[in-house]
Amino acid sequence: MIPYGKQDISQADIEAVLEVLQSDFLTQGPKVPEFEAKVASHVGAKHALAVNSATSALHIACLALGLGEGDWLWTTPITFVASANCGLYCGAKVDFVDIDPQTYNLCPKKLAEKLEEAKQKDRLPKVLVAVHLCGQPCDMEAIRKLSQQYSFSIIEDASHAIGGKYQGEFIGSSRYSDITVFSFHPVKIVTTAEGGMALTNSDELASRMNLLRSHGVTREQNLMTHEPDGPWYYQQVDLGFNYRMTELQAALGVSQMNRLDVFVERRHELAKRYDQLLKDMPVTKPWQHSDSYSGLHLYVIRLQLEKINKSHRQVFELLREQGIGVNLHYIPVHTQPYYQAMGFSAEDFPEAMAYYREAISLPMFQGMTSDQQDEVVKALELALA
Ligand SMILES: *Cc1c(COP(=O)(O)O)cnc(C)c1O
(Lines give C-alpha, C1' and ligand atoms only; values in the text may rest on other atoms or scores of the structure.)
Protein backbone atom coordinates (compact mmCIF):
# COMPACT_ATOMS: atom_id res chain seq x y z
CA MET A 1 0.00 0.00 0.00
CA ILE A 2 1.33 3.47 -0.88
CA PRO A 3 0.33 5.51 2.20
CA TYR A 4 -1.11 9.03 1.98
CA GLY A 5 1.63 10.28 4.29
CA LYS A 6 4.79 8.86 5.78
CA GLN A 7 7.71 10.03 7.89
CA ASP A 8 11.20 10.36 6.42
CA ILE A 9 13.82 9.20 8.95
CA SER A 10 17.51 9.54 8.07
CA GLN A 11 20.58 7.96 9.66
CA ALA A 12 21.33 11.36 11.21
CA ASP A 13 17.86 11.37 12.82
CA ILE A 14 18.49 7.93 14.32
CA GLU A 15 21.89 8.96 15.65
CA ALA A 16 20.45 12.11 17.20
CA VAL A 17 17.92 10.03 19.16
CA LEU A 18 20.50 7.42 20.20
CA GLU A 19 22.77 10.14 21.52
CA VAL A 20 20.01 11.37 23.83
CA LEU A 21 19.30 7.82 25.04
CA GLN A 22 22.90 7.59 26.21
CA SER A 23 22.87 11.06 27.79
CA ASP A 24 21.87 12.22 31.27
CA PHE A 25 18.47 13.59 30.29
CA LEU A 26 15.56 11.74 28.73
CA THR A 27 13.26 14.63 29.54
CA GLN A 28 13.66 18.24 30.76
CA GLY A 29 17.21 18.54 29.42
CA PRO A 30 18.86 20.77 26.82
CA LYS A 31 17.28 19.32 23.64
CA VAL A 32 13.79 20.77 24.09
CA PRO A 33 15.05 24.38 24.39
CA GLU A 34 17.37 23.72 21.42
CA PHE A 35 14.46 22.50 19.32
CA GLU A 36 12.33 25.45 20.39
CA ALA A 37 15.06 27.94 19.53
CA LYS A 38 15.61 26.28 16.17
CA VAL A 39 11.96 26.42 15.14
CA ALA A 40 11.44 29.93 16.55
CA SER A 41 14.40 31.34 14.64
CA HIS A 42 13.46 29.48 11.46
CA VAL A 43 9.93 30.87 11.34
CA GLY A 44 10.69 34.21 12.96
CA ALA A 45 8.67 34.02 16.17
CA LYS A 46 9.85 35.32 19.54
CA HIS A 47 8.80 32.29 21.62
CA ALA A 48 8.30 28.59 20.90
CA LEU A 49 6.94 26.06 23.39
CA ALA A 50 7.33 22.39 22.56
CA VAL A 51 4.63 20.05 23.89
CA ASN A 52 3.59 16.43 23.44
CA SER A 53 1.07 17.08 20.62
CA ALA A 54 -0.57 19.82 18.60
CA THR A 55 -3.76 18.97 20.48
CA SER A 56 -2.03 19.89 23.76
CA ALA A 57 -0.66 23.05 22.14
CA LEU A 58 -4.17 24.05 21.04
CA HIS A 59 -5.49 23.40 24.55
CA ILE A 60 -2.93 25.53 26.38
CA ALA A 61 -3.17 28.19 23.66
CA CYS A 62 -6.92 28.51 24.30
CA LEU A 63 -6.39 28.62 28.07
CA ALA A 64 -3.63 31.21 27.77
CA LEU A 65 -6.01 33.38 25.74
CA GLY A 66 -8.51 33.16 28.59
CA LEU A 67 -11.08 30.97 26.85
CA GLY A 68 -13.55 29.56 29.36
CA GLU A 69 -17.14 28.82 30.20
CA GLY A 70 -19.66 31.00 28.41
CA ASP A 71 -17.17 31.86 25.63
CA TRP A 72 -17.30 30.81 21.99
CA LEU A 73 -14.55 29.32 19.86
CA TRP A 74 -15.05 29.35 16.09
CA THR A 75 -13.21 27.29 13.52
CA THR A 76 -13.70 25.60 10.16
CA PRO A 77 -15.69 22.36 9.80
CA ILE A 78 -13.03 21.00 7.41
CA THR A 79 -10.32 20.16 9.90
CA PHE A 80 -9.26 17.47 12.31
CA VAL A 81 -11.53 17.36 15.38
CA ALA A 82 -8.72 18.68 17.62
CA SER A 83 -9.08 22.23 16.18
CA ALA A 84 -12.59 22.36 17.66
CA ASN A 85 -12.21 20.08 20.69
CA CYS A 86 -9.71 22.47 22.31
CA GLY A 87 -12.60 24.89 22.86
CA LEU A 88 -14.69 22.23 24.57
CA TYR A 89 -11.76 21.29 26.87
CA CYS A 90 -11.94 24.85 28.22
CA GLY A 91 -15.68 24.67 28.80
CA ALA A 92 -16.38 27.00 25.88
CA LYS A 93 -18.94 26.46 23.12
CA VAL A 94 -17.91 25.76 19.55
CA ASP A 95 -19.30 27.02 16.26
CA PHE A 96 -18.06 26.85 12.68
CA VAL A 97 -17.58 29.12 9.69
CA ASP A 98 -18.12 27.56 6.26
CA ILE A 99 -15.22 27.16 3.84
CA ASP A 100 -14.19 29.01 0.71
CA PRO A 101 -14.94 26.78 -2.30
CA GLN A 102 -11.55 27.52 -3.88
CA THR A 103 -9.06 27.27 -1.01
CA TYR A 104 -11.18 25.01 1.26
CA ASN A 105 -10.04 27.23 4.14
CA LEU A 106 -12.36 29.15 6.40
CA CYS A 107 -14.01 31.83 4.22
CA PRO A 108 -13.32 35.41 5.41
CA LYS A 109 -16.51 36.73 3.75
CA LYS A 110 -18.66 34.23 5.59
CA LEU A 111 -16.71 35.01 8.74
CA ALA A 112 -17.55 38.71 8.36
CA GLU A 113 -21.26 37.94 7.88
CA LYS A 114 -21.37 35.56 10.81
CA LEU A 115 -19.57 38.05 13.06
CA GLU A 116 -22.12 40.76 12.23
CA GLU A 117 -24.96 38.38 13.10
CA ALA A 118 -23.21 37.24 16.28
CA LYS A 119 -22.75 40.85 17.34
CA GLN A 120 -26.52 41.43 17.20
CA LYS A 121 -27.07 38.34 19.35
CA ASP A 122 -24.20 39.20 21.71
CA ARG A 123 -22.41 35.93 21.09
CA LEU A 124 -19.18 36.97 19.42
CA PRO A 125 -16.31 34.46 19.56
CA LYS A 126 -13.40 34.91 21.96
CA VAL A 127 -11.06 32.74 19.89
CA LEU A 128 -10.93 31.85 16.21
CA VAL A 129 -8.87 28.84 15.14
CA ALA A 130 -7.73 29.43 11.55
CA VAL A 131 -6.62 26.13 10.01
CA HIS A 132 -4.19 26.24 7.09
CA LEU A 133 -5.68 23.25 5.29
CA CYS A 134 -3.20 21.17 3.26
CA GLY A 135 -0.54 23.74 4.17
CA GLN A 136 -2.04 26.70 2.33
CA PRO A 137 -2.42 29.65 4.69
CA CYS A 138 -5.79 31.24 5.36
CA ASP A 139 -6.40 34.85 4.33
CA MET A 140 -4.73 36.04 7.53
CA GLU A 141 -4.76 39.73 6.66
CA ALA A 142 -8.55 39.73 6.30
CA ILE A 143 -8.99 37.62 9.42
CA ARG A 144 -6.70 39.95 11.41
CA LYS A 145 -8.75 42.99 10.35
CA LEU A 146 -11.95 41.31 11.51
CA SER A 147 -10.31 40.32 14.81
CA GLN A 148 -9.52 43.97 15.47
CA GLN A 149 -13.04 45.05 14.55
CA TYR A 150 -14.79 42.40 16.67
CA SER A 151 -12.12 41.82 19.37
CA PHE A 152 -11.35 38.14 19.18
CA SER A 153 -8.03 36.29 19.44
CA ILE A 154 -6.56 34.20 16.64
CA ILE A 155 -4.85 30.82 16.85
CA GLU A 156 -3.34 29.56 13.60
CA ASP A 157 -3.61 25.78 13.46
CA ALA A 158 -0.62 25.29 11.19
CA SER A 159 -0.40 21.53 11.73
CA HIS A 160 -0.18 21.17 7.92
CA ALA A 161 1.93 24.19 7.20
CA ILE A 162 5.42 24.21 8.74
CA GLY A 163 7.91 25.35 6.10
CA GLY A 164 5.25 27.24 4.16
CA LYS A 165 5.06 31.00 3.70
CA TYR A 166 2.41 33.70 3.76
CA GLN A 167 3.24 36.96 1.99
CA GLY A 168 6.91 36.00 1.94
CA GLU A 169 7.17 35.21 5.66
CA PHE A 170 7.32 31.77 7.21
CA ILE A 171 4.09 30.48 8.71
CA GLY A 172 4.60 30.49 12.46
CA SER A 173 5.90 34.07 12.56
CA SER A 174 2.46 34.82 14.04
CA ARG A 175 2.41 38.28 12.50
CA TYR A 176 -1.36 38.10 12.06
CA SER A 177 -2.23 35.91 15.04
CA ASP A 178 -1.73 35.53 18.77
CA ILE A 179 -0.43 31.97 18.69
CA THR A 180 0.51 29.49 15.94
CA VAL A 181 0.46 25.73 16.49
CA PHE A 182 2.46 23.04 14.66
CA SER A 183 1.99 19.25 14.78
CA PHE A 184 4.86 16.77 14.57
CA HIS A 185 2.76 13.62 14.12
CA PRO A 186 4.50 11.20 11.69
CA VAL A 187 2.15 11.95 8.78
CA LYS A 188 2.92 15.68 9.01
CA ILE A 189 5.87 17.44 7.37
CA VAL A 190 8.34 17.27 10.28
CA THR A 191 7.97 14.58 12.93
CA THR A 192 8.90 13.91 16.55
CA ALA A 193 6.69 10.75 16.67
CA GLU A 194 4.12 12.62 18.74
CA GLY A 195 4.63 16.28 19.38
CA GLY A 196 3.51 19.81 18.86
CA MET A 197 4.57 23.40 19.36
CA ALA A 198 2.99 26.74 20.17
CA LEU A 199 4.64 29.90 18.82
CA THR A 200 3.94 33.44 19.92
CA ASN A 201 5.46 36.90 20.01
CA SER A 202 3.80 37.70 23.33
CA ASP A 203 5.91 37.33 26.48
CA GLU A 204 2.76 37.01 28.57
CA LEU A 205 1.17 34.25 26.47
CA ALA A 206 4.48 32.36 26.36
CA SER A 207 4.82 32.55 30.12
CA ARG A 208 1.25 31.29 30.66
CA MET A 209 1.66 28.41 28.20
CA ASN A 210 4.97 27.51 29.80
CA LEU A 211 3.22 27.12 33.17
CA LEU A 212 0.26 25.25 31.72
CA ARG A 213 2.36 22.62 29.94
CA SER A 214 3.97 21.57 33.23
CA HIS A 215 1.39 21.40 36.06
CA GLY A 216 1.12 25.15 36.54
CA VAL A 217 4.27 24.82 38.62
CA THR A 218 7.08 27.35 38.56
CA ARG A 219 10.56 27.76 40.01
CA GLU A 220 10.80 31.37 38.81
CA GLN A 221 10.71 33.72 41.75
CA ASN A 222 9.00 36.53 39.86
CA LEU A 223 5.98 34.26 39.28
CA MET A 224 5.67 33.27 42.95
CA THR A 225 3.43 34.86 45.56
CA HIS A 226 6.25 35.15 48.09
CA GLU A 227 9.97 34.53 48.56
CA PRO A 228 10.97 30.86 48.15
CA ASP A 229 11.06 28.87 51.42
CA GLY A 230 14.46 27.54 50.33
CA PRO A 231 16.41 26.16 47.39
CA TRP A 232 13.96 23.21 47.06
CA TYR A 233 11.00 25.48 46.60
CA TYR A 234 8.51 25.59 43.76
CA GLN A 235 4.98 26.93 43.59
CA GLN A 236 1.87 25.82 41.79
CA VAL A 237 0.26 29.04 40.64
CA ASP A 238 -2.17 27.69 38.00
CA LEU A 239 -3.86 24.39 37.15
CA GLY A 240 -1.64 22.91 34.44
CA PHE A 241 -1.01 19.55 32.82
CA ASN A 242 1.88 17.31 31.94
CA TYR A 243 2.12 18.17 28.25
CA ARG A 244 5.92 18.13 28.08
CA MET A 245 7.90 16.89 25.09
CA THR A 246 10.71 14.42 25.81
CA GLU A 247 14.39 14.93 24.95
CA LEU A 248 14.23 12.01 22.49
CA GLN A 249 11.45 13.72 20.59
CA ALA A 250 13.17 17.09 20.62
CA ALA A 251 16.43 15.57 19.31
CA LEU A 252 14.50 14.01 16.45
CA GLY A 253 12.83 17.37 15.83
CA VAL A 254 16.14 19.25 15.73
CA SER A 255 17.53 16.75 13.25
CA GLN A 256 14.38 16.82 11.10
CA MET A 257 14.39 20.63 11.00
CA ASN A 258 17.74 20.47 9.17
CA ARG A 259 15.84 19.03 6.22
CA LEU A 260 12.61 21.05 6.43
CA ASP A 261 13.33 23.14 3.34
CA VAL A 262 14.25 20.03 1.33
CA PHE A 263 11.07 18.30 2.53
CA VAL A 264 8.83 21.14 1.39
CA GLU A 265 10.67 21.55 -1.92
CA ARG A 266 10.19 17.86 -2.64
CA ARG A 267 6.48 18.18 -1.85
CA HIS A 268 6.26 21.03 -4.34
CA GLU A 269 7.97 18.92 -7.00
CA LEU A 270 5.48 16.14 -6.39
CA ALA A 271 2.54 18.56 -6.50
CA LYS A 272 3.74 20.07 -9.77
CA ARG A 273 4.09 16.61 -11.22
CA TYR A 274 0.59 15.64 -10.03
CA ASP A 275 -0.81 18.86 -11.57
CA GLN A 276 0.77 17.86 -14.88
CA LEU A 277 -0.22 14.20 -14.79
CA LEU A 278 -3.82 14.90 -13.78
CA LYS A 279 -4.41 17.75 -16.19
CA ASP A 280 -6.83 15.93 -18.50
CA MET A 281 -8.68 14.03 -15.81
CA PRO A 282 -12.13 14.95 -14.49
CA VAL A 283 -10.76 16.17 -11.18
CA THR A 284 -10.28 19.61 -9.65
CA LYS A 285 -6.66 20.06 -8.63
CA PRO A 286 -5.60 22.09 -5.59
CA TRP A 287 -5.67 25.83 -6.18
CA GLN A 288 -2.71 27.79 -4.86
CA HIS A 289 -2.98 31.42 -3.88
CA SER A 290 -0.16 33.46 -5.43
CA ASP A 291 0.58 35.27 -2.14
CA SER A 292 1.62 32.09 -0.39
CA TYR A 293 3.91 29.07 -0.52
CA SER A 294 2.10 26.02 0.83
CA GLY A 295 3.68 23.53 3.20
CA LEU A 296 1.81 20.98 1.06
CA HIS A 297 1.05 18.49 3.78
CA LEU A 298 -1.79 17.22 1.59
CA TYR A 299 -2.64 17.05 -2.08
CA VAL A 300 -6.44 17.01 -2.25
CA ILE A 301 -8.36 16.51 -5.49
CA ARG A 302 -12.10 16.94 -5.95
CA LEU A 303 -13.92 14.59 -8.29
CA GLN A 304 -15.98 16.27 -11.01
CA LEU A 305 -18.76 13.77 -10.42
CA GLU A 306 -20.95 15.01 -13.29
CA LYS A 307 -18.20 13.83 -15.67
CA ILE A 308 -17.64 10.47 -13.97
CA ASN A 309 -19.78 7.35 -14.14
CA LYS A 310 -18.95 6.36 -10.60
CA SER A 311 -19.68 7.59 -7.14
CA HIS A 312 -17.11 9.25 -4.89
CA ARG A 313 -17.15 6.18 -2.68
CA GLN A 314 -16.61 3.82 -5.64
CA VAL A 315 -13.59 5.79 -6.85
CA PHE A 316 -12.18 5.84 -3.33
CA GLU A 317 -12.68 2.09 -2.90
CA LEU A 318 -11.18 1.31 -6.33
CA LEU A 319 -8.07 3.27 -5.35
CA ARG A 320 -7.73 1.43 -2.05
CA GLU A 321 -8.22 -1.92 -3.83
CA GLN A 322 -5.28 -1.04 -6.07
CA GLY A 323 -3.03 -0.44 -3.07
CA ILE A 324 -3.29 3.34 -3.02
CA GLY A 325 -3.70 4.55 0.56
CA VAL A 326 -5.96 7.48 -0.27
CA ASN A 327 -7.70 9.27 2.55
CA LEU A 328 -10.30 11.97 3.13
CA HIS A 329 -9.34 15.14 4.99
CA TYR A 330 -11.75 15.70 6.61
CA ILE A 331 -15.16 14.47 7.60
CA PRO A 332 -16.82 17.79 8.50
CA VAL A 333 -16.45 18.11 12.27
CA HIS A 334 -20.03 19.33 12.78
CA THR A 335 -21.35 16.02 11.38
CA GLN A 336 -19.56 13.97 14.04
CA PRO A 337 -22.03 12.43 16.50
CA TYR A 338 -20.45 14.30 19.40
CA TYR A 339 -21.11 17.62 17.61
CA GLN A 340 -24.47 16.56 16.18
CA ALA A 341 -25.61 16.15 19.79
CA MET A 342 -24.99 19.92 20.19
CA GLY A 343 -27.63 20.62 17.57
CA PHE A 344 -25.64 21.09 14.35
CA SER A 345 -27.21 19.80 11.18
CA ALA A 346 -25.14 18.73 8.20
CA GLU A 347 -26.38 21.45 5.82
CA ASP A 348 -25.51 24.27 8.22
CA PHE A 349 -22.25 24.45 6.23
CA PRO A 350 -23.08 23.60 2.61
CA GLU A 351 -19.64 24.30 1.08
CA ALA A 352 -18.04 21.96 3.60
CA MET A 353 -20.57 19.27 2.72
CA ALA A 354 -20.02 19.75 -1.04
CA TYR A 355 -16.28 19.38 -0.44
CA TYR A 356 -16.83 16.23 1.64
CA ARG A 357 -18.82 14.62 -1.18
CA GLU A 358 -15.94 15.05 -3.68
CA ALA A 359 -12.57 15.25 -1.91
CA ILE A 360 -9.83 12.63 -1.94
CA SER A 361 -6.29 13.07 -0.54
CA LEU A 362 -3.75 11.45 -2.84
CA PRO A 363 -0.49 10.14 -1.36
CA MET A 364 1.95 12.99 -0.66
CA PHE A 365 5.14 12.57 1.37
CA GLN A 366 8.73 13.65 0.88
CA GLY A 367 10.05 10.11 0.38
CA MET A 368 7.57 9.33 -2.39
CA THR A 369 9.26 8.25 -5.63
CA SER A 370 8.21 9.19 -9.15
CA ASP A 371 7.42 5.51 -9.78
CA GLN A 372 5.07 5.48 -6.80
CA GLN A 373 3.46 8.65 -8.05
CA ASP A 374 2.98 7.14 -11.51
CA GLU A 375 1.35 4.16 -9.84
CA VAL A 376 -1.11 6.46 -8.05
CA VAL A 377 -1.97 8.26 -11.27
CA LYS A 378 -2.46 5.01 -13.20
CA ALA A 379 -4.72 3.68 -10.45
CA LEU A 380 -6.72 6.90 -10.50
CA GLU A 381 -7.11 6.68 -14.29
CA LEU A 382 -8.50 3.15 -13.91
CA ALA A 383 -10.76 4.17 -11.02
CA LEU A 384 -12.25 7.04 -13.01
CA ALA A 385 -12.71 5.04 -16.24
C1 LIG B 1 -2.83 16.54 13.04
C2 LIG B 1 -3.67 17.71 13.34
C3 LIG B 1 -3.95 18.12 14.65
C4 LIG B 1 -3.55 17.32 15.85
O5 LIG B 1 -2.21 17.07 15.89
P6 LIG B 1 -1.59 16.11 17.00
O7 LIG B 1 -0.16 16.49 17.04
O8 LIG B 1 -1.81 14.71 16.49
O9 LIG B 1 -2.30 16.35 18.27
C10 LIG B 1 -4.67 19.28 14.83
N11 LIG B 1 -5.11 20.00 13.79
C12 LIG B 1 -4.88 19.63 12.53
C13 LIG B 1 -5.38 20.48 11.42
C14 LIG B 1 -4.17 18.46 12.26
O15 LIG B 1 -3.97 18.07 11.00
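Each ligand, and each atom within it, is numbered from 1 in the order the structure gives. One-based numbering along the sequence shown.
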*What does the list of residues with a heavy atom under 4.0 Å from ligand 1 look like, ordered by chain and number?*
S53, A54, T55, T79, F80, A82, S83, V131, D157, S159, H160, S183, K188, G195, Y330
*Ring geometry between W287 and H289 (parallel below 30°, tilted from 30 to 60°, perpendicular above 60°)*: perpendicular
*Which residue, L298, V326, I360, L362, forms the side chain to side chain contact (heavy atoms under 4.5 Å, CB included) with Y4?*
L298
*asked:* Does this structure show an ion pair linking K378 with E381, if we count only N-O contacts that are shorter than 4.0 Å?
replied: no
*Just say parallel, tilted or perpendicular for the rings of Y339 and F96, cut-offs at 30° and 60°.*
perpendicular
Under 3.5 Å donor-acceptor pairs involving side-chain atoms of residues 33-50, not counting sequence neighbours:
| from | atom 1 | to | atom 2 | distance (Å) |
| --- | --- | --- | --- | --- |
| E34 | OE1 | K31 | NZ | 3.0 |
| E36 | OE2 | A50 | N | 2.7 |
| E36 | OE2 | R213 | NH1 | 2.8 |
| K38 | NZ | N258 | OD1 | 2.4 |
| S41 | OG | A37 | O | 3.4 |
| S41 | OG | K38 | O | 3.4 |
| K46 | NZ | D203 | OD1 | 2.8 |
| K46 | NZ | D203 | OD2 | 3.3 |
| H47 | NE2 | D203 | OD1 | 2.7 |

*Salt bridge K114-D98, side-chain N to carboxylate O under 4.0 Å*: no
